[in-house]
Trainee: 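Got a structure for you, written out below as structure tokens; questions coming shortly.
Worth saying up front: this structure is predicted, and the values here are computed from it rather than measured.
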Amino acid sequence: MKSLIPLLFIVFGLNLIAAQEETSATKEIDSLYKEDQFYIGATYNILGTKPSGLNQTGFSLGFHFGFIKDMPINKKRNKAIGIGLGYSTNSFNNNLLVNNDTSGNATYSIIDEAIIGDYTKNKLSQHLIELPIEFRWRTSTPENYNFWRIYTGFKLGYVLSSATKFKGDLGDFKIRNNDNFNDFQYGLSISAGYNTWNIYAYYGLNSIFSNKAKIDDETIDMNAIKIGLIFYIL
């Protein structure tokens, strides 16, 4: 069932885009037009600046959608500032074992299968409310709905909930809302493309964990990198 979610997500976006294009074909020319009010995207998530021995395993996904207020800043309306509100859910499959000690404090270690045995799942997941701020350049006109775009910006996210989940010979356990996660995530974003298809990338400027999270004496100072596709809808 879970494998159908990415497909349904993209099909839903394409259906909305098709509806938009059909509506655009009959819409009257608006000299004060705006662009790309809604967005929906899917990404492959990468952990950057990983501690020694930490590796990703499997396929890590992210899904993103939201609304952006488009505010043109020139007479041609091909340049604009966008400010919005969105939701993002992300997973990172990796070999970092997060557990609790007898006092209930989180502990961190690199999984050694020779010690803990086999495992089938070990992942970190987060749900965020996000505030995207973009500078937008496009080749659109009031009559042209197929155009090139480059949107660059900054994205601030607040972590609504987080979890680490392990399933294997050591047992099955989940730790929710670990205090050692940074509540705020922020980074740089860029999207570029023509018409429906747009490449999207995000580079996190701060660590997923706070400086309290350590493997032995090494701080787990890793950030999120996301690469994928994004669709914009009026």
Side-chain angles (χ1 to χ4, degrees), residues 9-10 12-17 19-21 23-24 27-45 48 61-90 126-162 181-208 223-234:
F9 195 89
I10 293 173
F12 174 73
L14 292 176
N15 285 339
L16 286 177
I17 292 165
Q20 172 196 340
E21 291 179 344
T23 301
S24 299
K27 188 167 63 175
E28 293 183 2
I29 294 175
D30 180 8
S31 62
L32 299 179
Y33 75 99
K34 298 178 181 179
E35 293 290 357
D36 303 337
Q37 303 286 0
F38 295 92
Y39 65 90
I40 183 170
T43 57
Y44 172 66
N45 295 339
L61 291 173
F63 300 102
H64 323 273
F65 63 86
F67 172 84
I68 293 182
K69 177 65 174 177
D70 186 82
M71 297 176 287
I73 58 175
N74 65 335
K75 187 175 181 179
K76 292 176 63 177
R77 305 182 78 80
N78 66 333
K79 296 177 183 178
I81 299 296
I83 300 177
L85 185 66
Y87 168 81
S88 176
T89 177
N90 300 276
Q126 292 183 321
H127 299 267
L128 302 94
I129 290 291
E130 295 185 322
L131 174 66
I133 303 172
E134 298 177 342
F135 173 76
R136 303 174 140 204
W137 172 87
R138 60 264 181 138
T139 61
S140 62
T141 68
E143 301 87 2
N144 181 20
Y145 300 100
N146 299 325
F147 54 88
W148 291 96
R149 62 169 66 79
I150 299 176
Y151 297 163
T152 61
F154 177 84
K155 185 172 286 186
L156 173 66
Y158 177 75
V159 179
L160 294 173
S161 66
S162 62
F181 280 119
N182 276 323
D183 289 335
F184 289 95
Q185 296 287 300
Y186 53 88
L188 303 176
S189 65
I190 183 170
S191 56
Y194 179 78
N195 196 19
T196 299
W197 299 95
N198 299 274
I199 297 172
Y200 172 82
Y202 167 90
Y203 184 86
L205 295 177
N206 69 325
S207 175
I208 295 173
N223 62 327
I225 302 170
K226 306 169 188 178
I227 301 171
L229 295 175
I230 190 167
F231 306 96
Y232 291 102
I233 308 157
L234 283 176

Trainee: With side chains defined as the heavy atoms from C-beta onward, is the minimum distance between Y158 and L160 less than 4.5 Å?
Mentor: yes
Trainee: Is there a side-chain contact between T43 and H64, using heavy atoms and a 4.5 Å cut-off?
Mentor: yes
Trainee: Can you list everything that forms a ring pair (Phe, Tyr, Trp, His ring centres under 6.0 Å) with Y203? Sequence neighbours excluded, please.
Mentor: none
Trainee: Taking atom CD1 of I133 and atom OG1 of T152, what is their separation to the nearest 0.5 Å?
Mentor: 12.0 Å
Trainee: Find out whether V159 and N182 are in side-chain contact, i.e. whether some heavy atom of one side chain is under 4.5 Å from a heavy atom of the other.
Mentor: no
Trainee: Pairs under 3.5 angstrom only: tabulate donor-acceptor contacts from the side chains of residues 185-193 to other protein residues two or more places apart or in another chain.
Mentor:
residue, atom, partner, partner atom, Å
Q185, NE2, S207, O, 3.1
S191, OG, Y232, OH, 2.7

Trainee: Indicate yes or no: at least one non-hydrogen side-chain atom of I81 is less than 4.5 angstrom from one of F135.
Mentor: yes
Trainee: Just how far is it from atom CZ of F231 to atom CH2 of W197, taken to the nearest 0.5 Å?
Mentor: 4.5 Å
Trainee: Going from CZ on R77 to OG1 on T141, what distance comes out if it is rounded to the nearest 0.5 angstrom?
Mentor: 12.5 Å
Trainee: Inspect the surroundings of CG in L156 and state if more than 12 heavy atoms from other residues, nucleotides or ligands are less than 6.0 Å away.
Mentor: yes
Trainee: When rounded to the nearest 0.5 angstrom, what distance separates CG in L131 from CD1 in I83?
Mentor: 7.5 Å
Trainee: Taking all non-hydrogen atoms of both residues into account, name the closest pair between N45 and L61 and its distance.
Mentor: ND2-O, 2.9 Å
Trainee: My understanding is that only residues two or more places apart in sequence, or in another chain, count here; which of them pass side-chain contact (heavy atoms from CB on, under 4.5 Å) with F181?
Mentor: L124, Q126, S162, T164, N178, I208, F209
Trainee: Is a side-chain donor or acceptor of N198 paired with a backbone partner of T196 at a separation under 3.5 angstrom?
Mentor: yes
Trainee: Which is it for F147 and N195 under the side-chain contact (heavy atoms from CB on, under 4.5 Å) test, yes or no, and what are the steps along the way?
Mentor: CA-CA 5 Å; F147 54 88; N195 196 19; over 6 Å; no
Trainee: Distance from I150 atom CD1 to T139 atom OG1, nearest 0.5 Å?
Mentor: 9.5 Å
Trainee: Tell me, please, which residues at least two apart from D70 pass side chain to side chain donor-acceptor pair (under 3.5 Å).
Mentor: R136, R138
Trainee: Identify, with sequence neighbours excluded, every residue that meets side chain to side chain donor-acceptor pair (under 3.5 Å) alongside T89.
Mentor: H127
Trainee: I need the minimum non-hydrogen distance between G86 and P132, along with the two atoms involved.
Mentor: N-CD, 4.4 Å
Trainee: Scan residues 146-157 for pairs that pass salt bridge (Lys or Arg N to Asp or Glu O under 4.0 Å), counting only residues two or more places apart or in two chains.
Mentor: D36-R149, E130-K155
Trainee: When rounded to the nearest 0.5 angstrom, what is the spacing between CD1 in I225 and OH in Y202?
Mentor: 10.5 Å
